[in-house]
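In this chain, numbering begins with 1 at the start of the sequence shown.
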Amino acid sequence: QVQLVESGGGSVQAGGSLRLSCVASGLTLPIDAMGWYVVTPENQRKMVANITLNGATNYVDSVKGRFTISRDNAGNTVYLQMNNLEPRDTDVYHCHIVHGSGRYVSWGQGIQVTVAA
């Protein structure tokens, strides 16, 4: 099955930047949409950023203008460039991919982002 390997997290000061990467391997069907999610205290997934197959993007309001999602289709990779980070951005970010013409969804294990006040 698909393996998602996430990298690029860590700890930064407020105002700093990070770039998250998620590389998918073991694919048997093409990737459709990709995104980054966090988990709420009620164990619900909340979208932070998403990018469709044709490149359309959307973001949660709190990160608009600061985060940019992009993809490298040849490398089966999705990125999240996180600029001007704020303490409220602190969370575990999970990579999300839809593949097989929307029939399958895969999730990364999550990568920690910590922003000091």
Side-chain angles (χ1 to χ4, degrees):
Q1 60 182 324
V2 174
Q3 181 184 32
L4 304 182
V5 178
E6 300 155 313
S7 62
S11 298
V12 297
Q13 301 260 38
S17 297
L18 291 170
R19 190 177 77 153
L20 306 184
S21 299
C22 174
V23 181
S25 61
L27 293 168
T28 59
L29 296 170
I31 294 173
D32 303 307
M34 295 186 282
W36 293 92
Y37 288 70
V38 297
V39 180
T40 72
E42 296 181 348
N43 293 318
Q44 296 178 314
R45 296 181 178 94
K46 181 176 73 175
M47 185 202 73
V48 177
N50 185 74
I51 183 166
T52 68
L53 181 62
N54 65 10
T57 60
N58 63 99
Y59 303 89
V60 67
D61 285 345
S62 61
V63 310
K64 289 179 179 177
R66 299 188 298 118
F67 291 9
T68 303
I69 188 169
S70 60
R71 61 193 290 166
D72 175 3
N73 292 331
N76 294 330
T77 303
V78 61
Y79 303 96
L80 186 66
Q81 180 67 46
M82 311 168 78
N83 294 331
N84 194 24
L85 283 160
E86 303 170 3
R88 65 176 175 171
D89 299 319
T90 296
D91 217 319
V92 178
Y93 289 74
H94 296 261
C95 177
H96 167 263
I97 66 167
V98 180
H99 50 113
S101 299
R103 290 182 291 163
Y104 305 103
V105 177
S106 296
W107 295 93
Q109 64 183 351
I111 186 164
Q112 179 71 47
V113 170
T114 301
V115 185

One pair to check against side chain to side chain contact (heavy atoms under 4.5 Å, CB included): Val113 and Leu18. What are the steps and the verdict? CA-CA 8 Å; Val113 170; Leu18 291 170; 3.8 Å; yes

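- Checked against the 6.0 Å centroid criterion, the rings of His94 and Tyr37 do not qualify as a close aromatic pair.
- Annotation: the span from Asp91 atom CG to Thr40 atom OG1 amounts to 9.5 Å, rounded to 0.5 Å.
- Of all non-hydrogen atoms in Glu6 and Cys95, the two that sit nearest each other are OE2-N, 2.6 Å.
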Just do the side chain to side chain contact (heavy atoms under 4.5 Å, CB included) check on Ser70 and Val78 with the steps written out, would you? CA-CA 6 Å; Ser70 60; Val78 61; over 6 Å; no

Check step by step if side chain to side chain contact (heavy atoms under 4.5 Å, CB included) holds for Leu4 and Ile97. CA-CA 9 Å; Leu4 304 182; Ile97 66 167; 3.7 Å; yes

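- The closest donor-acceptor contact from the side chain of Asp32 to the backbone of Gly102 lies under 3.5 Å.
- To the nearest 0.5 angstrom, Tyr93 atom OH is 15.0 Å from Cys22 atom SG.
- Placement of Val92 and Met82 in two distinct hydrophobic clusters is found when ILVMFWY residues are connected by side-chain heavy-atom separations under 4.5 Å, directly or transitively.
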Begin with the C-alpha distance, continue with both residues' side-chain angles, and end with the deciding distance and a verdict on side chain to side chain contact (heavy atoms under 4.5 Å, CB included) for Asp61 and Tyr59. CA-CA 6 Å; Asp61 285 345; Tyr59 303 89; over 6 Å; no

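- Separating the OH atom in Tyr79 from the CE atom in Met34 is a distance of 9.5 Å, to the nearest 0.5 Å.
- The aromatic rings of His96 and Trp107 sit tilted relative to each other, their planes meeting at an angle between 30° and 60°.
- Counting only distance, with no hydrogens or angles, the side chain of Ser62 and the backbone of Val60 share no donor-acceptor pair below 3.5 Å.
- Remark: side-chain polar atoms of Arg71 are not paired, donor with acceptor, to backbone N or O of Ala33 under 3.5 angstrom.
- Minimum interatomic distance between Val2 and Ser106 (heavy atoms only, all atoms of both residues): CB-OG, 3.9 Å.
- Judged by distance alone, with hydrogens and angles left aside, the side-chain atoms of Thr77 form no donor-acceptor pair with the main-chain N or O of Asp72 at under 3.5 Å.
- Side-chain atoms of Glu86 and Asn84 form no donor-acceptor pair, as typed in the model, at a separation below 3.5 Å.
- When all heavy atoms are compared, the tightest approach of Ala49 to Leu80 is CB-CD1, 3.8 Å.
- Annotation for Leu85 and Arg66: closest pair CA-NH1, 3.8 Å, computed over non-hydrogen atoms.
- Looking at every heavy atom in both residues, Ile31 comes nearest to Ala24 through CD1-CB, 4.1 Å.
- The one candidate from Asn50, Val63, Ile69 that meets the side-chain contact (heavy atoms from CB on, under 4.5 Å) condition with Trp36 is Ile69.
- Rounding to the nearest 0.5 Å places OG1 of Thr68 at 6.5 Å from CG of Asn83.
- At a threshold of 4.5 Å between side-chain heavy atoms, the hydrophobic network of Ile, Leu, Val, Met, Phe, Trp and Tyr places Ile51 and Val98 in two separate groups.
- Under a hydrophobic clustering in which Ile, Leu, Val, Met, Phe, Trp and Tyr are joined whenever their side-chain heavy atoms come within less than 4.5 Å, directly or via other members, Val12 and Leu20 fall into the same cluster.
- Annotation for Ala117 and Pro87: closest pair CA-CG, 3.6 Å, computed over non-hydrogen atoms.
- Grouping the Ile, Leu, Val, Met, Phe, Trp and Tyr side chains by contacts below 4.5 angstrom, directly or via other members, places Val38 with Phe67.
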